[in-house]
Amino acid sequence: MTTNLMALPQGDVRLLDTAPAQRLLASTELARLAYVAADDTPRVVPMFFHWTGDELVFATFGGAKKIAALQQRSAVAVTIDSAGLPPEALLLRGPVTVTEVDGIVPEYALAQYRYAGPERGAASVAEVDQPGVRMARIALRPEWVGVLDFQTRFPGGTADDFAQRGR
């Protein structure tokens with residue numbers, strides 16, 4: 001028996017296998033990473049990402065304030081969405097694992113190549129791949145997944161529910 005992936009409830013991690021989720025994970029849309037900063041206020045940071053098939057990986061340079069904040073409070077929310085019509089959105093939640101590394105995080109390079117193309121991506125990586133550079137690998141293995149495609153999946157429920165919004 002096959003599962004109708006688009007019929008799965010919001011929150012089911014199998015939604016990662018839906019066509020809208022796969023399109024967004026392979027896209028060059030920015031991911032928006034939301035977390036709680038050290039001063040207990042929320043932050044949302046647009047970032048390049050790389051999807052490994054299991055983890056959504058971000059990279060940041062050593063010394064970034066978000067590293068300590070994410071090490072203290074690992075729970076995050078991420079949105080990857082398209083601006084076209086109808087819009088699509090992938091919503092992810094879960095804890096991140098932060099690993100500080102000497103040198104370039106491999107997924108940083110892969111994201112640069114995907115976003116900028118092979119030549120510009122390689123140039124971007126070469127520019128920062130200098131002796132002494134430190135980075136942090138921020139990896140999210142989603143525990144909660146939501147998909148909105150505004151055709152079969154809408155915020156707050158069904159197409160009929162969405163059509164009645166504000167009434």
Side-chain angles (χ1 to χ4, degrees), residues 5 8-18 20-83 87-116 120-149 153-156:
L5 294 174
L8 294 170
Q10 297 289 35
D12 193 311
V13 295
R14 293 177 293 174
L15 287 169
L16 287 167
D17 295 326
T18 63
Q22 289 297 303
R23 274 192 297 278
L24 290 166
L25 290 167
S27 76
T28 55
E29 301 290 348
L30 293 174
R32 288 155 185 86
L33 171 67
Y35 66 98
V36 177
D39 65 0
D40 290 329
T41 60
R43 300 284 193 278
V44 176
V45 183
M47 297 183 74
F48 283 8
F49 68 90
H50 178 75
W51 175 244
T52 69
D54 297 309
E55 295 177 316
L56 192 69
V57 179
F58 305 96
T60 194
F61 289 95
K65 291 183 179 184
K66 67 180 151 285
I67 296 170
L70 291 167
Q71 288 171 329
Q72 286 235 282
R73 291 188 176 138
S74 65
V76 301
V78 174
T79 300
I80 305 168
D81 55 271
S82 66
E88 293 180 322
L90 177 61
L91 314 169
L92 307 170
R93 296 184 212 156
V96 293
T97 302
V98 180
T99 308
E100 295 186 67
V101 300
D102 291 322
I104 300 295
V105 171
E107 292 88 353
Y108 172 84
L110 293 170
Q112 290 292 326
Y113 300 146
R114 190 176 86 255
Y115 280 91
R120 285 184 50 209
S124 293
V125 171
E127 183 178 331
V128 298
D129 191 7
Q130 302 296 321
V133 74
R134 287 191 51 79
M135 294 189 86
R137 181 181 189 271
I138 303 165
L140 170 64
R141 191 174 293 267
E143 293 181 351
W144 187 98
V145 177
V147 172
L148 303 173
D149 69 357
R153 300 181 72 87
F154 296 85

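On a predicted model such as this, the values are computed, not experimentally measured, just so you know.
Listed here is the closest heavy atom pair of E29 and L24: CG-CD2, 4.4 Å. Taking all atoms of both residues into account, the shortest heavy-atom contact from A69 to A37 is CB-CA, 4.0 Å. Of all non-hydrogen atoms in P46 and L30, the two that sit nearest each other are CB-CD1, 3.9 Å. Nearest heavy-atom pair, F49 versus A31, reported as atom, atom and distance to 0.1 Å: CD2-CB, 3.6 Å. In terms of heavy atoms, A109 sits closest to V125 at CA-CG2, 3.7 Å. What you find for V44 and R32 is that their closest heavy atoms are CG1-CB, 3.8 Å.
A distance of 6.0 Å separates CZ of R43 from OH of Y35, quoted to the nearest 0.5 Å. With values rounded to the nearest 0.5 angstrom, D102 atom CG is found 9.5 Å from E100 atom CD. Between atom NZ of residue K66 and atom CZ of residue F58 there is a gap of 10.0 Å, rounded to the nearest 0.5 Å. Here the OG1-CE distance, from T99 to M135, works out to 12.5 Å after rounding to the nearest 0.5 Å. Distance CG/D129 to OG/S124: 12.0 Å, rounded to 0.5 Å. One distance of note links CE of M47 with CD1 of I80; it measures 12.0 Å at 0.5 Å rounding.
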With side chain to side chain contact (heavy atoms under 4.5 Å, CB included) as the test, would you mind laying out the steps for L25 and L90 before giving the verdict? CA-CA 8 Å; L25 290 167; L90 177 61; 3.7 Å; yes
As a quick check of understanding, evaluate side chain to side chain contact (heavy atoms under 4.5 Å, CB included) for L15 and Q10, giving each step before the final call. CA-CA 8 Å; L15 287 169; Q10 297 289 35; 3.5 Å; yes
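Remark: side-chain polar atoms of Q130 are paired, donor with acceptor, to backbone N or O of A126 under 3.5 angstrom. At least one donor-acceptor pair under 3.5 Å links the side chain of R153 to the backbone N or O of V147. No donor-acceptor distance shorter than 3.5 angstrom exists from the side chain of T79 to the backbone of L91, with no hydrogens or angles considered. No donor-acceptor distance shorter than 3.5 angstrom exists from the side chain of S74 to the backbone of Q71, with no hydrogens or angles considered. Using a distance-only test at 3.5 Å, with no hydrogens or angles considered, no donor-acceptor pair links the side chain of R141 to the main chain of V96. In this structure, R134 contributes its side chain and G132 its backbone to no donor-acceptor pair below 3.5 Å.
Residues D39 and T41 have side chains that bring a donor and an acceptor to within less than 3.5 angstrom of each other. Counting only N and O atoms by type, the side chains of Q112 and R120 include no donor and acceptor under 3.5 Å apart.
Side-chain contact check for P155 versus L148: some heavy-atom pair is nearer than 4.5 Å. Between T60 and Y108, every side-chain heavy-atom pair lies at or beyond the 4.5 Å cut-off. Between V133 and F61, the closest side-chain pair of non-hydrogen atoms falls below 4.5 Å. Side-chain contact between L140 and I138 is absent, with no heavy-atom pair separated by less than 4.5 Å. Counting only heavy atoms from C-beta outward, the side chains of P95 and E143 approach each other to under 4.5 Å. Side-chain contact check for L56 versus V78: some heavy-atom pair is nearer than 4.5 Å. Residues W51 and E107 fail the side-chain proximity criterion, which asks for heavy atoms closer than 4.5 Å. Within the 4.5 Å cutoff, no side-chain heavy atoms of L8 are placed close to those of T18.
Aromatic ring orientation, F48 versus Y115: parallel (interplanar angle below 30°, classes split at 30° and 60°).
No more than 12 heavy atoms of other residues, nucleotides or ligands lie within 6.0 Å of CD in Q72, so this atom counts as exposed by the packing criterion.
Salt bridge present: E55 and R137 bring a charged side-chain N and a carboxylate O closer than 4.0 Å.
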